[in-house]
**Student:** 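Below is the structure I would like to discuss, written out as structure tokens.
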Amino acid sequence: MSADQEPVTQLSKPTKSLGFWATSWRYFRRRFLAMAALYFVIFLALVAIFSPAIVGTKPIVCYYKGNIYFPAMGYFYQPWENAIFTTGDHFDNKYEPNLKKNDPNSWAIWPLVRQDPIEPVGDDWFEGQPKNPSNAEGHPSWQNLFGTSSVGVDVFAQLVHGTRVALLVGFVSMGLASVIGIIIGACSGYFGGWIDFVLSRFIEIVLCVPTLILVIALLAVVENPSIWQVVLVIGLTGWTSIARLTRAEFLKIRQIEYVAAAKAMGAGPVRIMFVHILRNALAPILVPITFGIAAAIFTESALSFLGIGADTETPTWGRVLHEGQDHIRSMWWLNFFPGLAIFSTVLAYNLIGEGIQEATDPRTRDA
Amino acid sequence: MTKILLKVDDLRTFFHGEEVVKAVDGISFKLEEGETLGIVGESGSGKSVTSLSIMQLLARSAKIESGTISFLGTDLVRLPDPAMRKIRGKDISMIFQEPMTSLNPVFTVGSQVMEAIILHQRVSKAEAREQTIQLFDEVGIPEPHKRVHYYPHQMSGGQKQRVMIAMALSCNPKLLIADEPTTALDVTIQAQILDILRRLRDSRGMSILFITHDLGVIAEIADHVLVMYRGKVVEHGEIHQIFEAPQHPYTKGLLACRPRLDTKVRRLPTVSDFMDSTVTESGIEITEKKMSPEKYEELLQAGRGRLLHPKPILEEIGHPWKEGEYSADTKCVADDEKPLLSVRDLKVHFPIRKGIFSRVHGHVKAVDGIDFDVFRGQTLGLVGESGCGKTTTGRAILRLIEPTDGVVEFEGKNVRSLQGASLREMRKKLQIIFQDPYGSLNPRMTIEAAICEPMVIQGIGGTRKEQGQRAAELMKEVGMNPDHLRRYPHEFSGGQRQRICIARALAVEPDFLVCDESVSALDVSVQAQVLNLLKELQERRGLTYIFISHDLSVVKFMADMMAVMNAGKIVEFGPAEDIYANPSQEYTRKLINATPKDSLEHIQMRQEERKQARAERLSTIASA
Amino acid sequence: MLTYIARRVFIGVFTILAVTCLVYGLIRNMPGTPLTVMQENPSMDRGMSEKQMKELEKLYHLDKHWIVGYGYWLADVVQGDLGRGISFTDRRQVSTIILSRLPNTLMLTITSLLLTYLLCIPMGLFSTAKNATASERALSVTLYVLYALPTFVAAIYLNLLFAVKLDWLPLGGMTSPNYSELTSFGKAWDLLKHTILPITCLTYGSLAYYTRFVKANMMETIQQDYIRTAQAKGVGPLKVLLVHAFRNSLIPLLTLIGLTLPTLLAGSVILEHIYQWDGIGQLFISKIGQRDYPVIMGLVLMFSVMTLIGQLLADILYAVVDPRITYS
Amino acid sequence: KVGSSELTEEEKQQAIADFDFDAGLPDPDFKPPTLEELDANYGWTDKKVIDPMPALQKEMADYIPPITPQEAMKIRPKDEKDYEEILGAMKIQPKNDDEVAWDSTWVHHEAGDVNSLNPLRMSSVGDFFYVYLTGVSAVSSSIDLEPFGDGRYIKSWQANDDNTIQKVVLRDDITWSDGTPITAEDWEFTFKVILHPDLISMFPAIPSSLEDVKMIKAYGKDTFVIFHDNSSAVNDMKLDFPIIPKHIYQPAIAVDPTLTDSLTFEEQENQPVVGGPYEVVSRERKQRILLKRRESYYMHEGKQVREKPFFKEIRMEIIENPTQALIAMTDGRIDDMEVPASKWNTDANKEDFFKNNVKVKHTAWSEGHIVWNTGSPFFEDARVRRAMSYAIDYDALINGIMNGIHEQSSGPFHPSAWFAPQPSLPKFTLDLDKARQLLDEAGWKDTDADGIRDKEINGKKVPFSFKIMLSSGNPVGELMARQLASDFGKIGVKAEPRQYEWTVVQQKTREHSFDASLGGWGSGGDPFSTENIFGTEAPRNFGQYSNKKVDELYKQGLLELDREKRAKYYQEIAKILYEEQPYTWLYYRADLFAFNKQMRGYQFSPTGPWYYAPGMHSVWKAKSE
Ligand SMILES: Nc1ncnc2c1ncn2[C@@H]1O[C@H](COP(=O)(O)OP(=O)(O)OP(=O)(O)O)[C@@H](O)[C@H]1O
Ligand SMILES: Nc1ncnc2c1ncn2[C@@H]1O[C@H](COP(=O)(O)OP(=O)(O)OP(=O)(O)O)[C@@H](O)[C@H]1O
Ligand SMILES: [Mg+2]
Ligand SMILES: [Mg+2]
């Protein structure tokens with residue numbers, strides 16, 4: 001007998017079968033806002049990657065004394081700035097006059113905007129470019145698109161270069177937190193019994209120990225604090241709420257028939273937890289994760305206040321905001337632009353989060 | 001002249017998902033006040049969608065493309081939601097097809113019914129409770145004053161279905177849409193429910209839209225019958241007309257396929273034996289065909305005879321082997337063979353908790369000390385009143401519920417002591433098809449993933465691609481379109497989901513299968529197809545089944561041995577034919593007698609009763 | 001269930017022991033002691049002598065291994081004594097120090113938390129009902145803007161508007177200068193006026209999160225079949241959302257409430273600083289800076305107890321709202 | 001609660017008798033001679049006793065300000081001249097009583113709460129302000145930070161030849177705010193309490209200033225004598241401590257030596273018995289302290305015996321958040337505040353700020369520096385330290401990062417001090433060649449051409465790479481450290497700024513576990529206190545600097561009584577320090593203040609506008625037009 005008992009269907013759709021996540025991605029792609037948000041985050045990532053080419057005072061490429069150099073790499077990691085420019089010939093960030101002076105044959109390709117995220121650009125840095133204004137005079141202008149800080153550091157440059165930290169801290173730390181939180185919460189909720197008992201106590205202990213104390217204690221052992229410690233701290237302490245939410249959801253879902261069905265098929269606990277239950281438990285977990293990625297920016301700036309933040313050579317959005325705190329009334333741009341940046345990332349992350357939630361729910365997808 | 005209550009005109013409801021599904025494709029019918037319209041049809045033909053269209057409760061992806069649904073003159077399709085809300089529950093109420101997932105898990109069943117009462121009637125809470133308890137009693141829920149405090153998960157499948165019925169009936173609607181309301185009910189309760197419906201219909205003039213695949217039930221209750229096939233109405237007529245002289249080949253096929261208690265065949269005929277369908281540009285073309293006598297012969301001869309317990313055991317249980325009384329190919333298991341599954345003194349007690357601090361406050365003895373053996377290649381039929389513990393037994397065997405006490409041995413190993421890998425190994429051989437197909441499918445897995453899942457877990461079926469092909473084959477075997485593998489569970493009809501579950505259970509090629517009401521939601525043709533499949537598999541691969549069902553004719557068709565359960569205990573056990581022929585227990589007799597009858601005489605009788613009742617009612621109205 | 005609670009409480013004692021021991025170990029091993037801070041003085045000629053340092057070290061058991069110090073602390077706590085502050089600023093009983101600030105903090109946090117939930121649940125339900133409409137989008141974008149707006153910026157601009165320009169509300173602090181002369185009604189009014197801005201600032205930032213949280217969970221539940229059943233009964237959309245769907249999405253919300261419970265006691269460092277609010281947040285920060293071990297321990301003990309209560313409460317309530325969840 | 005007030009009189013007396021108040025005396029065997037013996041044995045010489053307010057008014061009587069206050073108020077100050085003019089205009093004293101708004105309230109801003117209203121426990125800046133308003137002490141310091149006998153409270157102050165014994169006679173018209181007369185007993189008692197071993201956890205910081213005092217002994221009601229261990233130039237300053245009322249504290253301490261739980265203590269914390277010009281009306285923790293003019297201070301037995309304080313009320317408003325405080329200041333809600341340097345040219349320079357306020361600036365005798373840890377292999381050699389000082393771009397530091405607010409410094413002593421070298425030592429200037437040369441000389445050469453100098457130490461090649469320690473939460477410090485690091489980079493020295501929590505910084509400096517650290521000191525009026533910093537193994541010698549010569553000079557400076565000669569010793573020290581650069585001095589900090597336009601009479605001492613006599617008492621509010 002022919003198997004076709006179905007009503008007539010139009011449109012024979014692609015026959016290749018995709019996994020759950022691949023299908024979700026297909027549906028995600030159809031959501032305009034979510035995709036726009038995703039593109040925005042990709043855009044930010046590109047900004048982060050190409051920040052030295054967008055703004056900077058170090059040439060992207062330059063020819064100097066017979067060699068080709070890429071001094072702008074120093075923005076990623078200080079020691080990558082070729083030693084000849086720093087400790088060698090003491091350019092001290094003033095590339096243009098020094099290149100000319102030391103080697104008339106030199107040439108350089110410059111970033112789009114010639115501003116530095118760490119130091120105020122001085123009078124003699126570039127020909128025809130005046131010194132950066134400081135304090136209340138540093139309002140946005142053509143020279144300093146987003147204004148300057150109180151000592152004259154360009155805000156646009158700080159924000160562009162700060163994108164690296166903003167993205168890194170958010171994704172890596174929340175990635176860490178999510179992995180820990182979901183695994184612990186899933187085990188705890190699914191197995192119940194003494195496993196739940198032990199893991200719940202563990203969660204409680206981590207919840208009870210104040211982060212601040214951990215941070216300061218950590219500082220005592222870390223010799224060179226860097227952004228990675230921040231990531232670690234946020235990641236290792238920020239998972240508790242995810243774990244609790246996962247646990248609660250697993251407690252509920254493990255009672256539903258399809259879990260019994262999976263068990264009856266002989267599925268192991270890992271499979272049941274991460275293939276069957278997790279995708280149905282995403283709704284409450286996604287929210288703290290999306291917000292967590294954004295909130296990491298705030299946490300980073302709060303921690304840097306304690307001296308555990310990014311080292312002083314790393315520009316961050318939080319730092320600009322922090323400076324703005326001191327000059328709220330006279331230098332609005334110090335709050336406005338980083339605020340705008342944070343807002344747009346928060347919005348983007350949340351749109352993506354909503355998009356994921358809807359794309360992973362077969363019942364809302366089509367609507 | 002009676003009023004026309006509902007008039008559906010050229011209704012088209014399409015789903016707009018990945019592809020457009022024309023679930024209902026231009027149907028029209030009308031329903032008079034006090035009339036009962038039975039809708040039968042193939043599984044997936046759009047019955048539920050039609051009823052949901054009337055209720056205006058379609059899924060978000062569904063859209064009514066055209067047509068009108070006029071209820072007492074108002075067009076429901078265009079009615080704004082607030083006005084529609086006033087009609088819902090009060091004027092039209094509905095019993096949903098899947099009672100398992102249709103009850104809110106966090107409220108007691110009592111409060112869910114009470115809510116409906118309070119919403120539409122001006123009564124106090126206490127009165128509403130009274131009414132609820134009474135309704136529960138009427139629909140045959142035992143101990144109603146206790147059960148109102150139960151949560152859905154504490155009720156058996158049939159009990160939940162009765163809660164749904166109670167809820168729908170609570171407000172005396174003008175129109176009751178009952179979507180397969182008795183699938184999970186045993187025949188006695190079913191008869192009781194049908195009685196209530198008839199009574200309400202006759203005394204209050206309620207109209208009923210009764211969707212079912214059970215032609216027996218249709219025969220019992222309907223005035224008119226609508227036969228649906230692939231989103232279209234293929235036949236519409238008075239009940240006796242349909243049964244007497246079906247016009248459409250599909251209807252003819254349906255009538256021919258249903259198993260009866262007195263069926264002789266070993267394989268059931270299916271609709272495809274009576275018609276051919278070809279898909280053409282303009283739609284489907286159906287041509288009638290006659291079943292050839294050879295074919296019929298084949299159905300009678302195919303397969304093996306019944307396989308009974310070893311003779312000594314038969315002796316022991318009071319059904320000694322009676323030479324010659326059984327058909328020629330009935331055999332017994334060799335005397336020294338060990339049972340594949342042996343259950344001894346199995347008990348499952350559920351604690352009942354109460355109050356904020358959930359003190360244990362008594363136990364429900366769902367299964368209370370049962371023993372039985374199943375031998376390799378046998379089918380054990382398990383029947384019994386709804387709520388007697390059948391599902392629980394099945395689950396306890398697979399250790400999906402930890403038994404309170406007792407021994408379950410599978411292949412000589414105590415199932416209760418298995419752990420980890422050996423438990424997994426056992427589960428490869430032992431499979432269950434759940435009573436609640438919707439709940440047992442992960443809503444976020446395509447059914448392809450769902451069907452491949454056991455293969456992936458057990459590491460069989462080769463590569464991913466081969467597994468996919470196997471899934472497609474399985475889909476075909478249970479009568480579904482393999483193109484739909486990429487859909488999600490909610491995109492199917494109740495019967496389709498049930499078949500998916502069957503396909504999934506078969507995917508691992510188990511040795512032993514517990515089928516819990518596995519064909520209850522299937523139309524007779526598909527049901528026949530599935531039953532044939534199961535039989536064929538048994539023959540080919542020596543599969544062993546525990547077959548739980550309310551439909552005695554199905555059980556009789558399938559089972560070698562049969563157990564009758566009541567209140568957690570096995571009250572009767574023996575060769576299936578013996579038990580049907582000579583039920584020793586009053587309870588069993590009742591079950592057999594309550595099976596709906598669809599003989600023409602019976603229909604005639606019902607119609608006579610009906611006319612009388614109607615006349616009485618009209619006269620009372622006239623005199624009033 | 002009662003035995004479950006009893007067991008949790010019993011185990012809770014050990015959790016607290018573990019936490020306090022851990023925290024004590026951590027703070028004792030941070031660089032600096034209370035004496036480091038006490039020695040500090042803005043002018044260069046004042047300071048403690050070696051001898052005094054030694055004596056004080058002995059007095060506060062700083063000369064012994066931290067585990068011994070923990071032992072002393074624990075022994076006192078068991079007798080109901082949390083010790084006294086070590087630092088210069090406050091040497092009162094730890095319990096007195098904490099209790100003198102707690103009401104101030106609670107006044108802000110409880111109101112703010114209530115306000116958050118009172119606003120977010122309706123907004124979450126609204127967003128669910130109106131998902132993907134213009135009004136829902138507008139609401140959520142507004143909330144995200146608020147989320148991204150740093151409190152210190154908002155606080156200052158709110159102040160400039162309400163305190164300076166309009167002069168309706170005080171600039172900061174907890175009381176007006178003439179507070180002691182006011183009638184008790186006047187006092188209450190005065191306090192209220194001082195709380196409005198801090199509470200606003202404390203609340204607005206979290207609205208986005210909770211609203212989104214409620215919505216995310218509601219979106220999940222309203223897809224379920226039983227919602228359709230409720231609609232079929234003729235239940236109105238509001239009641240469907242509020243009763244049928246909401247109750248089913250309560251579990252994550254309860255988890256969240258359980259988690260936020262201890263923050264009631266914690267207060268907010270930044271806002272307390274901006275609004276000159278004498279609360280626990282500032283206390284905690286400053287005492288950590290001063291390495292005032294007894295006060296830190298007292299606070300940690302309080303937070304921990306509250307955290308455990310929050311967890312326990314959430315766990316109990318799971319079983320109450322969802323009958324399928326049981327604990328044995 | 002144990003409270004002395006709950007005990008009967010007898011029990012109290014018993015407790016007092018049981019408590020050994022003498023337990024802390026440095027020399028228990030010392031038997032002070034009687035007053036007669038003293039008078040007989042020593043020829044007393046009188047020391048200066050001045051009542052500061054009348055003295056000031058006399059001095060200002062014919063002072064003609066360069067511009068009028070009204071003109072000064074219009075100035076938007078840009079440079080030092082503007083500030084001088086404003087200060088000169090505003091420091092005027094009232095010509096007659098009608099100019100003063102006698103019934104006004106001075107709303108004073110404090111950036112932090114007072115720790116305690118017990119004057120012995122003062123430790124924060126806010127405490128000092130409160131103590132100066134309410135406290136009594138026998139000796140105060142003048143605007144030039146020179147000690148003098150405070151004529152408001154004492155009649156005479158005499159010393160023996162070598163200044164080891166000093167006799168003070170009190171005025172007979174001074175009373176505590178509860179009416180009890182202030183007597184010599186109170187001084188003796190306070191002295192004993194400060195040194196008492198059971199009470200050290202209460203008053204740990206004060207004793208070192210009384211370290212070399214053997215005894216303070218009361219003779220009768222109005223005379224007390226202080227016995228010093230040795231003849232020292234700074235003996236005069238040792239009486240500069242506030243006293244507490246014996247009649248309150250003696251029973252209270254005897255009953256509850258923790259001094260925290262007794263009712264008396266609680267009472268004293270909220271409404272203490274004081275002896276100064278103002279008394280406490282109410283105290284709300286972390287909010288404000290309300291003080292009022294104390295009539296019994298300036299009136300005695302119906303007649304005025306002291307100057308009437310200018311304000312009816314003084315309200316110390318505590319606002320920790322500088323932005324909020326500045327808003328309050330701008331809006332005219334507070335009358336004065338110290339403006340954070342970071343806001344000086346931004347928020348405090350907006351037009352609306354000048355509506356109610358004037359801005360004044362005055363360089364203080366406090367400096368900012370880098371401490372070099374001479375114990376580290378990098379900085380043991382003075383040539384290296386000098387090289388570092390030559391490598392700094394002072395212009396970028398002072399004018400760039402600090403906006404030109406502070407001025408560059410060249411040593412521990414401010415050039416205007418009497419003990420600073422004359423003429424002033426030249427300031428270090430940026431001279432990279434010299435710096436490189438010095439490093440070469442010291443053996444730090446870049447042998448591996450990686451741009452960082454290195455040196456073989458104990459057979460191991462050590463690159464010149466170190467961390468500049470600073471405390472976190474200090475954006476200006478951070479910028480400075482970054483600037484310094486980049487400056488040092490130019491001479492092949494790798495420096496990295498490293499921030500720590502404030503307490504950690506304290507601990508690390510104390511343990512000398514750092515290479516270089518940013519810091520600052522506020523100096524007092526006498527240079528002897530710097531011995532604490534540069535003396536070998538001195539408690540605050542964080543950089544472990546050690547120079548025999550310097551130690552010697554400090555000793556001599558302390559023992560020399562003649563100020564001219566003393567100055568020589570300290571100038572010598574300053575020169576040595578200049579050569580050896582244990583610190584690299586960066587800047588002298590300016591005091592930045594804002595005053596409401598109605599405020600008058602403020603003058604700045606090297607420690608700011610308040611902490612001298614008359615200091616804050618000379619401030620008055622003009623009647624508004
Ligand atoms: N959400 C959906 N999206 C796409 N197709 C759907 C959806 N829901 C139902 N369908 C399809 O619509 C058709 C009609 O479904 P319906 O539930 O009405 O069948 P039915 O006649 O009630 O069958 P059964 O007897 O099995 O319950 C089916 O083929 C089903 O696959
Ligand atoms: N979790 C539970 N808690 C309490 N009682 C339960 C629970 N599960 C089932 N029961 C009760 O156990 C009894 C047996 O249920 P079971 O599901 O086995 O019935 P069944 O025979 O399968 O009925 P049906 O044919 O209606 O599905 C019922 O009375 C039911 O109310
Ligand atoms: Mg259906
Ligand atoms: Mg069942």
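By convention in this document, chain letters (A, B, ...) are assigned in the order of the sequence lines, proteins followed by strands, and residues within each chain are numbered from 1. For the numbers below, each heavy atom of this structure counts, side chains included, while hydrogens, waters and symmetry mates do not.
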**Student:** Validate the cation-pi geometry between A:Arg30 and A:Phe28: distance from NZ or CZ to the six-membered ring centre under 6.0 Å, angle to the ring axis within 45°.
**Tutor:**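 No, A:Arg30 does not sit over the ring of A:Phe28.
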**Student:** With a 4.5 Å limit on heavy-atom distance, are the side chains of C:Phe284 and C:Ile296 in contact?
**Tutor:**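 Contact flag for C:Phe284/C:Ile296 side chains = yes.
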**Student:** Would you say the ring centroid of C:Tyr147 lies under 6.0 angstrom from that of C:Tyr209?
**Tutor:**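 Ring-ring flag for C:Tyr147/C:Tyr209: false, centres at least 6.0 Å apart.
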**Student:** Considering only heavy atoms and a distance below 4.5 Å, find which of A:Thr290, A:Ile213, A:Thr240, A:Val346 pairs most often with chain C.
**Tutor:**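 It is A:Ile213.
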**Student:** Counting only heavy atoms closer than 4.5 Å, note whether C:Ala208 contacts chain A via side chain, backbone, both or neither.
**Tutor:** both
**Student:** Taking side chain as everything from C-beta outward and backbone as N, CA, C, O, which of these in A:Ala341 sits under 4.5 Å from a heavy atom of chain C? Side chain, backbone, both or neither.
**Tutor:**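 For A:Ala341, neither part sits under 4.5 Å from chain C.
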**Student:** Can the ring centroids of A:Phe291 and A:Tyr349 be said to lie less than 6.0 angstrom from one another?
**Tutor:** no
**Student:** Given the options A:Leu245, A:Leu351, A:Val209, A:Leu214, which has more heavy-atom pairs under 4.5 Å with chain C than any of the others?
**Tutor:**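 Heavy-atom pairs under 4.5 Å are most numerous for A:Leu245.
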**Student:** Kindly determine whether C:Thr36 and C:Thr33 satisfy side chain to side chain donor-acceptor pair (under 3.5 Å), including the steps that lead there.
**Tutor:** CA-CA 5 Å; C:Thr36 318; C:Thr33 68; 3.3 Å; yes
**Student:** Determine whether a donor-acceptor pair (N or O, by modelled atom type, separation under 3.5 Å) exists between the side chain of A:Thr316 and the backbone of A:Arg319.
**Tutor:** yes
**Student:** Examine whether an atom of A:Phe202 lies under 4.5 Å from a heavy atom of chain C, and if so say whether it belongs to the side chain, the backbone or both; otherwise answer neither.
**Tutor:** neither
**Student:** What part of A:Leu33 gets within 4.5 angstrom of chain C, counting heavy atoms only: side chain, backbone, both, or neither?
**Tutor:**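 The answer is the side chain of A:Leu33.
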**Student:** Let's test your reading of the structure: which of A:Gln357, A:Arg201, A:Glu354 forms the most heavy-atom pairs below 4.5 Å with chain C?
**Tutor:**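 Option with the top pair count is A:Glu354.
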**Student:** With a 4.5 Å cut-off on heavy-atom pairs, point out which of C:Ile11, C:Leu26, C:Val305, C:Val23 contacts chain A the most.
**Tutor:** C:Ile11
**Student:** Where on C:Leu253 is there a heavy atom nearer than 4.5 Å to chain A: the side chain, the backbone, both, or neither?
**Tutor:** neither
**Student:** For C:Tyr157, which atoms come within 4.5 Å of any heavy atom of chain A: side chain, backbone, both, or neither?
**Tutor:**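 The side chain, not the backbone.
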**Student:** Dump the intermediate steps for ring-ring contact (aromatic ring centres under 6.0 Å, His included) on A:Phe343 and C:Tyr144, then the final yes or no.
**Tutor:** CA-CA 7 Å; A:Phe343 159 69; C:Tyr144 293 142; 7.6 Å; no
**Student:** When you look at CD1 of A:Ile256, are more than 12 heavy atoms from neighbouring residues, nucleotides or ligands closer to it than 6.0 Å?
**Tutor:**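 Result for CD1/A:Ile256: enclosed.
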**Student:** Heavy atoms only, distances under 4.5 angstrom: which of A:Ser200, A:Ala248, A:Ser241, A:Gly193 has the most pairs with chain C? Name it, please.
**Tutor:**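 With the most close heavy-atom pairs to chain C, the winner is A:Ala248.
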**Student:** Under 4.5 Å heavy-atom distance to chain C, tell me which part of A:Leu340 shows up: side chain, backbone, both or neither.
**Tutor:** neither
**Student:** Do A:Phe146 and A:Phe336 have ring centroids that are under 6.0 Å from one another?
**Tutor:** no
**Student:** Under a 4.5 Å cutoff for heavy-atom pairs, which residue among C:Ile156, C:Leu256, C:Leu299 has the most contacts with chain A?
**Tutor:**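 Top count of heavy-atom pairs under 4.5 Å with chain A: C:Ile156.
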**Student:** Examine whether an atom of C:Leu22 lies under 4.5 Å from a heavy atom of chain A, and if so say whether it belongs to the side chain, the backbone or both; otherwise answer neither.
**Tutor:** side chain
**Student:** Assess the residue pair A:Ser344 and A:Phe40 against the criterion (side chain to side chain contact (heavy atoms under 4.5 Å, CB included)); give the C-alpha distance rounded to whole Å, side-chain angles, the decisive distance to 0.1 Å, and a yes or no.
**Tutor:** CA-CA 9 Å; A:Ser344 37; A:Phe40 179 74; 3.6 Å; yes
**Student:** Below 4.5 Å from any heavy atom of chain A, which atoms of C:Arg28 appear? Answer side chain, backbone, both or neither.
**Tutor:**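 Neither part; nothing is under 4.5 Å.
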**Student:** Would you check if the side chain of C:Glu136 reaches a backbone N or O of C:Ala132 as a donor-acceptor pair within less than 3.5 Å?
**Tutor:** yes
**Student:** Quick check: does any side chain N or O of A:Trp317 sit under 3.5 Å from a backbone N or O of A:Leu159, one acting as donor and the other as acceptor?
**Tutor:** yes
**Student:** Give a yes or no answer on whether the side chain of C:Arg8 reaches the backbone of C:Leu308 with a donor-acceptor pair at less than 3.5 Å.
**Tutor:** no
**Student:** Checking C:Asn217 side chain against C:Phe213 main chain: does a donor-acceptor pair fall under 3.5 Å?
**Tutor:**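 It does hold such a pair.
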**Student:** In terms of heavy-atom proximity below 4.5 Å to chain A, should C:Val141 be classed as side chain, backbone, both, or neither?
**Tutor:** both
**Student:** Taking every heavy-atom pair that is under 4.5 Å apart, which of A:Ala294, A:Gly324, A:Pro210, A:Gly339 has the most such pairs with chain C?
**Tutor:**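 If we count pairs closer than 4.5 Å to chain C, A:Pro210 comes out on top.
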**Student:** Side chain, backbone, both or neither: which part of C:Leu160 has a non-hydrogen atom closer than 4.5 Å to chain A?
**Tutor:**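 Only the side chain of C:Leu160 comes within 4.5 Å of chain A.
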**Student:** Examine whether an atom of A:Pro338 lies under 4.5 Å from a heavy atom of chain C, and if so say whether it belongs to the side chain, the backbone or both; otherwise answer neither.
**Tutor:** neither
**Student:** If I measure from the heavy atoms of chain C, does A:Asn350 come under 4.5 Å with its side chain, its backbone, both, or neither?
**Tutor:**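 Interface part for A:Asn350: both.
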**Student:** Is C:Val153 close to chain A through its backbone or its side chain, or both, or neither, when contacts mean heavy atoms under 4.5 Å?
**Tutor:**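 Backbone plus side chain of C:Val153, per the 4.5 Å heavy-atom cut-off to chain A.
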**Student:** Just so I understand: if I count every heavy-atom pair under 4.5 Å between each of A:Arg254, A:Glu204, A:Gln255, A:Glu249 and chain C, which residue has the most?
**Tutor:**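 Of the candidates given, the most pairs with chain C belong to A:Glu204.
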**Student:** For the candidates C:Met30, C:Arg324, C:Glu220, C:Gln311, which exhibits the highest count of non-hydrogen atom pairs separated by less than 4.5 Å from chain A?
**Tutor:** C:Gln311
